2 protein chains.
Amino acid sequence: MTSQAKVPTRTGRMRPGRRPGATGTREALLAAGTELFADRGYDGVPVWEIAKKAGVNKAMISYHFGGKRKLYLTIVGATFSEILERVEGLAASTAPAPDVLRELIAVVGDLASRRHPHFCTMMLREVLTGGMRLEPEVVALPMRILAAVKGIVERGVREGAFRPVDPLLTHLSLVGSLVFFFATARFRERVLTDRLHVKPPSAEAYVTHIQDLVTNGLAASKTGPGRRR
Amino acid sequence: MTSQAKVPTRTGRMRPGRRPGATGTREALLAAGTELFADRGYDGVPVWEIAKKAGVNKAMISYHFGGKRKLYLTIVGATFSEILERVEGLAASTAPAPDVLRELIAVVGDLASRRHPHFCTMMLREVLTGGMRLEPEVVALPMRILAAVKGIVERGVREGAFRPVDPLLTHLSLVGSLVFFFATARFRERVLTDRLHVKPPSAEAYVTHIQDLVTNGLAASKTGPGRRR
DNA sequence: GTCTATAGGCTGATAGAC
DNA sequence: GTCTATCAGCCTATAGAC
């Protein structure tokens, strides 16, 4: 969803090099929508506000995207594809599984805290509010993350680096703790600072914590088959 | 918020034992609201639907609770206080910290999967959509969970059972992975079953997985009898 | 306490001029 | 492509009859 390829102008004529400003409107709406949706969620943002922030008219949303919901899905898809690209690249690595997993945690943490600081919030909110009725486009995306992580964990178990854990459960606990952290970061920032006067933990500190927790928690080398309960 | 203490009737007169059905209306609204809000979120449920499900009239919501939002907060508070009670009881235990933590995971898992299957969804959604502007009542509750878990972890570190982890980070990763799992359970159920034809993991399996992950991941004794203090 | 009816404020979408 | 004006559809809260 790189948004381009479309330079026709006026009444049927093509003006090869020039662009009449239409592309600008499209991108302005995408940018404005990204920021606002991330901040307040789909239901929390009226279309007129997106248009205002983009400096264009309400009606342009229907014209260019076919409605509010379509604009939203375009934004989510675009953001997700970038994350997916890096995660799937990592899954193809042949380095030791524990190292790959640590790197994956670092990459997700970096993307979620710097480049796309609202992404986890958006996806989680979507899953929660969507419940039973979500567009296939939205559903397909997390599935590919699952496949990537599952692959890494399965390899780690097969090679003996990890104890025989369930890949799906491992994926859920790993991704869950990361997504939860970044999705609730702004809430924590307000609450911890204003009420408890405690400095909220940094993304880097949390990433390191999860890396260590997973490394120790999944490691195969244990003094005995100690499994309790 | 156990909802009672309020038996006045008619026009100022008190009828000691009997209850005129008003309490029934209140509780019917609470029950209907709990189910519907959990399912579709605050914004997703119109008041007429709550009233319909409760078998009473729309206007009763404003009459008994002072509006939709107040009804919602009453529900959230009531559910939370039960969970809080058990968690804080556990935090007061003097048993070995790792055992207490395992028990806490089991208790939260049980409450979140059986007795209050929608609770995690509700709280998480609230934190996400509330962002910067949440009522103090809602904010105070998770804070007490934090304090309880923090206490257990700190004791574990002090007694040498855990390696010197940060209690706040540990709390976030633990609660995060649990809340994420239960909040997204219904989504998973639909997606995994309908699209991938895989049976979604049970709450019990996940609880065990997290218990093991935490036990191994926080354990102090790694490659030697390393004990502190 | 409970109901009906209605007021009043939002929203997203679109017809049609330019 | 872009704008203005308007529409129909929702929602919540409340006044007032019973």
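These figures come from a predicted structure and were not determined experimentally.
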Any chance CD of Glu35(A) has more than 12 other-residue heavy atoms, nucleotides or ligands included, within less than 6.0 Å?
-> no
So, with a heavy-atom separation below 4.0 Å from DNA chain D, the residues of residues 41-53 of chain B are Val45(B), Pro46(B), Val47(B), Trp48(B)
Evaluation steps, salt bridge (charged side-chain N to carboxylate O under 4.0 Å, His left out), between Glu49(B) and Lys68(B) | CA-CA 12 Å; Glu49(B) 209 161 346; Lys68(B) 183 189 181 184; over 6 Å; no
Ion pair check, Lys150(B) and Asp166(B), cut-off under 4.0 Å: no
To the nearest angstrom, the CG-P distance between Leu29(B) and dG1(C) comes to 14 Å
The reported gap from CZ in Phe65(B) to CE in Met60(B) (rounded to nearest 0.5 angstrom) is 11.0 Å
*May I ask you to decide if the ring planes of Tyr206(A) and Phe181(A) are parallel, tilted or perpendicular, using 30° and 60° as cut-offs?*
parallel
note: Lys68(A), atom NZ; dT14(C), atom P; distance rounded to Å ~ 15 Å
When rounded to whole Å, the OH to C1' distance for the pair Tyr72(B) and dC11(D) reads 18 Å
TODO: Report the C-alpha distance between Glu103(A) and Arg86(A) in whole Å, list the side-chain angles of each, state the deciding distance to 0.1 Å, and finish with yes or no for salt bridge (charged side-chain N to carboxylate O under 4.0 Å, His left out).
DONE: CA-CA 11 Å; Glu103(A) 178 67 12; Arg86(A) 304 233 3 216; 5.4 Å; no
Parallel, tilted or perpendicular: rings of Tyr72(B) and Phe37(B) (30°, 60°) = perpendicular
Here the distance between atom C1' of dT12(D) and atom CD1 of Ile61(B), to the nearest Å, is 10 Å
Would you list the protein and nucleotides 3-6 of chain C atom pairs, both N or O, that sit under 3.5 Å from each other?
unit_1: dC3(C); atom_1: OP2; unit_2: Asn57(B); atom_2: N; d: 3.0
unit_1: dT4(C); atom_1: OP2; unit_2: Asn57(B); atom_2: ND2; d: 2.8

To the nearest 0.5 Å, atom CZ of Arg188(A) lies from atom CG of Leu172(B) at 5.0 Å
In whole angstroms, the gap separating P of dG12(C) from NZ of Lys70(A) amounts to 16 Å
When rounded to whole Å, the NE2 to P distance for the pair His64(B) and dT12(D) reads 18 Å
Between Thr25(A) and His64(A), does a side-chain hydrogen bond (donor to acceptor under 3.5 Å, both in side chains) hold up when you go through it step by step? CA-CA 9 Å; Thr25(A) 297; His64(A) 283 285; 4.9 Å; no
Tyr63(A) atom OH is separated from dT2(D) atom P, nearest whole Å, by 7 Å
Worksheet item: Can you tell me if the side-chain N/O atoms of Thr25(B) get under 4.0 Å from OP1 or OP2 in dG1(C)?
Response: no
